[in-house]
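Report on one structure; see the data block that follows.
Keep in mind that the numbers below use all heavy atoms, side chains included, and drop hydrogens, waters and symmetry copies. Order of the sequence lines sets the chain letters (A, B, ...), proteins ahead of strands, with each chain counted from 1.
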Amino acid sequence: MIRTRFAPSPTGYVHLGNLRTALFAYLFARHEAGVFILRVEDTDQSRYVEGAVENLLRTLEWAGITLDEGPYLDANGKLAEKGQFGPYTQSKRLSIYQKYVAELIAKGGAYHCFCTAERLENLRTEQQLNKLPTGYDGLCLKTTSPEEAAKRIEQGEKYVVRLKMPRSGETIFTDLIRGEVRFKNELIDDQVLLKSDGFPTYHLAVVVDDHLMEISHVIRGEDWISSTPKHIQLYRYFGWEIPEFGHVPLILNSDKSKFSKRQGDVAAEQYQSRGYLPEALVNFIAFLGWNPGDERELFNPEELCAEFKLDHVSKAGAVFNLEKLDWFNREYLKRMNPGELVRRAKPFLATTYIPLDNEMLLTKAVALEQTRITTLSELGPAINFVFQLPEYPPTALVWRKSTSEQSLKILTELIPLLNTISVQDWQTVLIEARIKAWIGEQGYNNGEVLWPLRVALSGQEKSPPPFEIAAVLGQQESIHRVETALAKLQG
RNA sequence: GGCCCCAUCGUCUAGUGGCUAGGACACCACGCUUUCAAUGUGGUAACACGGGUUCGAUUCCCGUUGGGGCUACCA
């Protein structure tokens, strides 16, 4: 049984890099008919953020990443957990880690360390000065016997527990994405496993939990690759089966450094609030490092689940490119049926003066701008003219190859024409047919008629075609707007 | 500094020893057109470098260079 997990630290927002790692783990599990788990890695007390887990869950839900096990929000919005391997929150598992640390010490895989922060710091600077690899020198392992350590702990002395890395040999593993990776053991630090506050570090907690939760494939960011030998050593000491590892490449800033807050919008929530569709964002980040092996690019969530394979994940990092995201978003927007688009757009329209009760008109208005917008947040400003004619100067009504007098004449003649169209003929194509025919009869050209008409109807120099606007507005309002334009031209 | 990872158009990428090195975004030109989009057609643009291996390397090996990650009682 394939079991993967997403194990973020609850920081208050979901970093896009983490979201993509989660997505890969999720897609892999789904593709293999496996199980996908969320585990909250909150072992750093100083990083505690109120409401972070709730936010995390809402964001994953928005992105369409569904969880089989782990925390979830119940009907009342309260935090709950599902699954047989809980708790899925590390701060609730402290006694578990204590137990395994004791076991590890007993097995000779770890030891107590009483060194002060000052000594550690001096040690590091000295090592760096002498161009030596940095790392703990094993002082407490050499000088403090288990009996003495027990005594010092008894007396209330602060301590940490460190991993006892073998001083020789190599740790070799085959990464699912990168192939064989090897490290010399002597260069690997005796990592702290249990902090002096009694909390485990990532390295201990991740191994204990991945084992206990029966994770078969550890899919995580490339930045973890150097600590993998420490984790493997832990599995060995415990005598546990070592899972498969897959280290996915990083998302990069345009200068190729790790995608960061400083250089861009890294929080998934920012894209949500700016009106990106989750399926577009997911499609986009999936393609940052993955491809189906052919030239298709548009994959909805179901298609991603069906096609995603780890062997098409690339090794190199990928630069985040907002323009490509915009393109994906436009593609999804264009393909969406108007009713659905209205439903999705409503949260963004709620902050505008656009009335949301007239579903019919709203749907027509939205359809008008559907192919012209990039994000949902652009929709409100784009369709606002339908509900409220914007202020505009009379000069806007004059086409660049025409005159004010000519525009006045044409708009005046247009009113009776518009009036002769019957109610049932008030549709885009029929309005267009009538007006174009009339233009022909009169010997006008399109520009000198359609420009002033369009501006009269929209109040804007840039807008959809006049026939579409007229159809949305209705006959009465359309004529009214042309009359308003006439009044403006007459001064 | 040490260790590790990586390297095809500006960006995301296909390629798996023999191709005019393909696609997408972006960009440019033209077409359509009342405007802005959308759309159609076409175009500019890449195998980091040096050695091997081979009849033949973008592709395999080594090195160089470059970039990145890690190097905490943070994840």
Side-chain angles (χ1 to χ4, degrees), chain A residues 7-11 18 41-47 90 113 115 117 120-121 124 127-135 158-162 175 177-178 181-184 187-189 191-203 205-206 220-229 247 249-250 252 254-258 284 287-298 312 314-328 330 334 369-374 382 399-402 439 445-455 458 460-466:
Chain A
S9 179
T11 56
N18 284 143
E41 308 226 327
D42 57 345
T43 57
D44 185 359
Q45 289 178 292
S46 65
R47 279 207 194 178
Q90 290 186 330
C113 173
C115 290
L120 262 21
E121 201 166 310
R124 196 175 317 128
Q127 286 165 334
Q128 271 165 350
L129 230 54
N130 295 319
K131 300 186 192 295
L132 292 165
T134 54
K158 286 275 187 193
Y159 69 94
V160 299
V161 175
R162 286 182 183 276
D175 189 274
I177 293 163
R178 280 146 221 290
V181 183
R182 48 173 72 207
F183 294 84
K184 287 190 178 62
L187 266 8
I188 297 166
D189 198 7
Q191 185 69 46
V192 171
L193 299 176
L194 195 70
K195 300 183 257 187
S196 57
D197 64 2
F199 277 63
T201 59
Y202 171 83
H203 306 282
V206 77
R220 64 194 351 174
E222 189 192 349
D223 37 0
W224 288 114
I225 202 163
S226 331
S227 36
T228 304
H247 289 93
L250 264 20
L252 272 23
S254 50
D255 70 355
K256 307 263 186 186
S257 59
K258 189 158 85 166
F284 169 66
F287 270 71
L288 248 28
W290 175 83
N291 70 79
D294 54 43
E295 287 173 352
R296 292 169 300 156
E297 289 203 274
L298 258 14
H312 271 107
S314 53
K315 297 176 189 173
V319 173
F320 180 86
N321 178 215
L322 190 63
E323 274 140 4
K324 189 80 183 242
L325 205 212
D326 284 343
W327 175 77
F328 273 110
R330 278 194 296 270
K334 273 190 290 191
E369 291 289 343
Q370 187 164 6
T371 63
R372 322 170 96 80
I373 54 167
T374 297
W399 190 41
R400 62 181 208 281
K401 293 182 190 169
S402 184
I439 289 170
N445 63 52
N446 283 337
E448 61 185 342
V449 176
L450 299 179
W451 176 277
L453 176 59
R454 194 176 53 72
V455 174
S458 69
Q460 298 171 171
E461 302 214 3
K462 296 174 184 176
S463 79

* Any side-chain donor near an acceptor of the partner, A:T134 and A:R124, under 3.5 Å -> no
* Side-chain N,O (A:S314) to OP1/OP2 (B:rU13) below 4.0 Å -> yes
* Integer angstrom distance from the C1' of B:rA14 to that of B:rA46 -> 13 Å
* Asked: For B:rU65, which nucleotide is its Watson-Crick or G-U wobble mate, given both distances must be under 3.5 Å?
  -> B:rA7
* To do: Determine: side-chain N/O of A:N321 to OP1/OP2 of B:rC25, distance under 4.0 Å, yes or no.
  => no
* Asked: So which nucleotide does B:rA45 pair with, by the Watson-Crick or G-U wobble rule with both distances under 3.5 Å?
  -> none
* Spacing of the P atoms in B:rU65 and B:rC49 (rounded, Å) -> 16 Å
* Asked: Heavy atoms under 4.0 Å, any strand shown: does A:V160 hit a base, just sugar-phosphate, or nothing?
  -> base
* Rounded distance [0.5 Å steps], CG in A:N321 versus OG in A:S254 -> 9.5 Å
* Structure fact -> With the side chain defined as heavy atoms from C-beta on, A:F183 is closest, among B:rC4, B:rU35, B:rA75, to B:rC4
* With both distances under 3.5 angstrom, what nucleotide forms a Watson-Crick or G-U wobble pair with B:rA38? -> none
* To do: Please test A:E222 against A:K315 for salt bridge (charged side-chain N to carboxylate O under 4.0 Å, His left out), starting from the C-alpha separation and ending with a verdict.
  => CA-CA 9 Å; A:E222 189 192 349; A:K315 297 176 189 173; over 6 Å; no
* **A:E295 or A:L325, whichever maps to the more 5' nucleotide of RNA chain B** => A:E295
* Considering only the C1' atoms, how many Å lie between B:rU8 and B:rC3, rounded to the nearest integer? -> 28 Å
* Assess the side chains of A:R220 and A:H247: does a donor N or O sit below 3.5 Å from an acceptor N or O? => yes
* Any side-chain N or O of A:K334 under 4.0 Å from OP1/OP2 of B:rU39? -> yes
* Before giving the answer on salt bridge (charged side-chain N to carboxylate O under 4.0 Å, His left out), spell out for A:E297 and A:K324 the whole-Å C-alpha distance, their side-chain angles and the decisive distance to 0.1 Å. => CA-CA 11 Å; A:E297 289 203 274; A:K324 189 80 183 242; 3.1 Å; yes
* A:Y202 ring center near A:W224 ring center (under 6.0 Å) -> yes
* To do: Between B:rC6 and B:rU64, how far apart are the C1' atoms? Round to whole Å, please.
  => 15 Å
* **Rounded C1' spacing from B:rC30 to B:rA48 in Å** => 36 Å
* Identify which nucleotide among B:rA72, B:rA24, B:rG69 has an atom closest to any side-chain atom of A:S226, counting heavy atoms from C-beta outward. => B:rG69
* Any side-chain N or O of A:T11 under 4.0 Å from OP1/OP2 of B:rA75? -> no
* Of the nucleotides B:rA72, B:rA75, B:rC4, which has the atom closest to the A:I225 side chain? -> B:rC4
* Considering only atom C1', compute the distance from B:rG68 to B:rA45 and round it to an integer number of Å. => 25 Å
* Asked: So what does A:S463 hit on the nucleic acid, given a heavy-atom distance under 4.0 Å: a base, only sugar-phosphate, or nothing?
  -> base
* To do: Rounded to whole angstrom, note down the P distance from B:rU59 over to B:rU16.
  => 13 Å
* To do: In whole angstrom, give me the gap between the P atoms of B:rU20 and B:rC25.
  => 26 Å
* Could you please name the partner base of B:rA72, counting Watson-Crick and G-U wobble pairs only when both distances are under 3.5 Å? => none
* Structure fact -> When rounded to whole Å, the CZ to P distance for the pair A:R182 and B:rG2 reads 20 Å
* Pick the nucleotide of RNA chain B nearest each of A:D189 and A:H312; which residue has the one closer to the 5' end? -> A:H312
